[in-house]
K.L.:
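Could you have a look at this structure, given as structure tokens, before my questions?
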Amino acid sequence: MFTPRLKPKVLETAVYVEDLARAGRFYEETLGLTPIAQDSRMWALDCGPASVLLLFKRGATLEPVDLPGGRIPPHDGSGPAHLAFAVEADEIPAWENRLAEHGVEIEARMQWPRGGISLYFRDPDDHLVELASPGIWANY
């Protein structure tokens with residue numbers, strides 16, 4: 001029986017958007033993520049070591065994609081999703097200022113029992129985005 005040496009980690013998080021350029025600019029300019037790949041159906045943004053945010057044009061991935069190395073099966077999504085980014089607790093005030101500078105309204109703030117802090121706001125496609133400091137989960 002196979003027993004992995006390490007628990008699998010989340011490598012990619014995908015959200016589906018109406019306008020790739022608008023969404024890409026939001027995550028690049030507001031959160032400082034760096035684009036690492038893009039085409040007519042998706043943008044991939046670097047979120048730090050071994051972590052990628054994928055922005056897919058809603059409806060553009062309903063057919064399989066054949067590439068030289070194999071096939072990517074179809075997928076899609078609708079409605080507002082939730083994603084969270086890890087930040088340092090002492091940087092929360094700077095993030096609040098940066099969001100304000102970019103005209104992003106903070107929808108809610110949370111002080112977690114373990115000591116973590118979360119800021120919640122919306123991206124241009126109404127996805128709920130969270131900036132979370134250590135102390136929100138037993139493993140973070």
K.L.:
Which pairs with one or both residues in residues 114-140 pass ring-ring contact (aromatic ring centres under 6.0 Å, His included), sequence neighbours excluded?
P.N.:
none
K.L.:
Using the side chain to side chain donor-acceptor pair (under 3.5 Å) rule, collect all pairs that involve residues 90-115, keeping only residues at least two apart or in two chains.
P.N.:
E96-R109, E107-R122, W112-S118
K.L.:
Among residues at least two apart in sequence or on other chains, which ones pass side chain to side chain contact (heavy atoms under 4.5 Å, CB included) with P64?
P.N.:
R71, P74
K.L.:
Quick one: pull up CG in L128 and CG in D123 and give me the separation to the nearest 0.5 Å.
P.N.:
9.0 Å
K.L.:
Taking all atoms of both residues into account, what is the closest heavy-atom pair of P80 and D126, and its distance?
P.N.:
CB-O, 3.2 Å
K.L.:
I need the full list of salt bridge (charged side-chain N to carboxylate O under 4.0 Å, His left out) pairs touching residues 128-140, with sequence neighbours left out, sorted by first then second residue.
P.N.:
none
K.L.:
Measuring only between side-chain heavy atoms, which start at C-beta, is V52 closer than 4.5 Å to L45?
P.N.:
no
K.L.:
Sorted by first residue and then second, give each ring-ring contact (aromatic ring centres under 6.0 Å, His included) pair with at least one member in residues 2-26; sequence neighbours left out.
P.N.:
Y16-F56, Y16-H75
K.L.:
Only counting residues at least two apart or in another chain, list the ones meeting side chain to side chain contact (heavy atoms under 4.5 Å, CB included) with L67.
P.N.:
V65, I72
K.L.:
Please list, chain by chain and in numerical order, all residues satisfying side chain to side chain contact (heavy atoms under 4.5 Å, CB included) with A89, sequence neighbours excluded.
P.N.:
S133
K.L.:
Could you list the donor-acceptor pairs under 3.5 angstrom formed between side-chain atoms of residues 3-15 and any protein atom two or more places apart in sequence or on another chain?
P.N.:
none

K.L.:
Mind checking who shares a hydrophobic cluster with L62, ILVMFWY linked at side-chain heavy-atom distances under 4.5 Å?
P.N.:
none
K.L.:
Grouping I, L, V, M, F, W and Y whenever their side-chain heavy atoms are under 4.5 Å apart, do F85 and M110 come out in a common cluster?
P.N.:
no
K.L.:
Does anything in residues 16-35 form a salt bridge (charged side-chain N to carboxylate O under 4.0 Å, His left out)? List the pairs, not counting sequence neighbours.
P.N.:
E18-R58, R22-D125
K.L.:
Quick one: do V87 and V129 end up in the same hydrophobic cluster if we chain Ile, Leu, Val, Met, Phe, Trp and Tyr together by side-chain heavy atoms under 4.5 Å apart?
P.N.:
yes
K.L.:
Which residues pass the side chain to side chain contact (heavy atoms under 4.5 Å, CB included) test with A94, not counting sequence neighbours?
P.N.:
none
K.L.:
Between CG of L83 and CG of L53, what distance do you get to the nearest 0.5 Å?
P.N.:
6.0 Å
K.L.:
Between L119 and I92, is there a side-chain heavy-atom distance shorter than 4.5 Å?
P.N.:
yes
K.L.:
Could you give all pairs that pass the side chain to side chain donor-acceptor pair (under 3.5 Å) test and reach residues 34-49, with sequence neighbours left out?
P.N.:
none
K.L.:
Is there a side-chain contact between L99 and L131 (heavy atoms, below 4.5 Å)?
P.N.:
yes
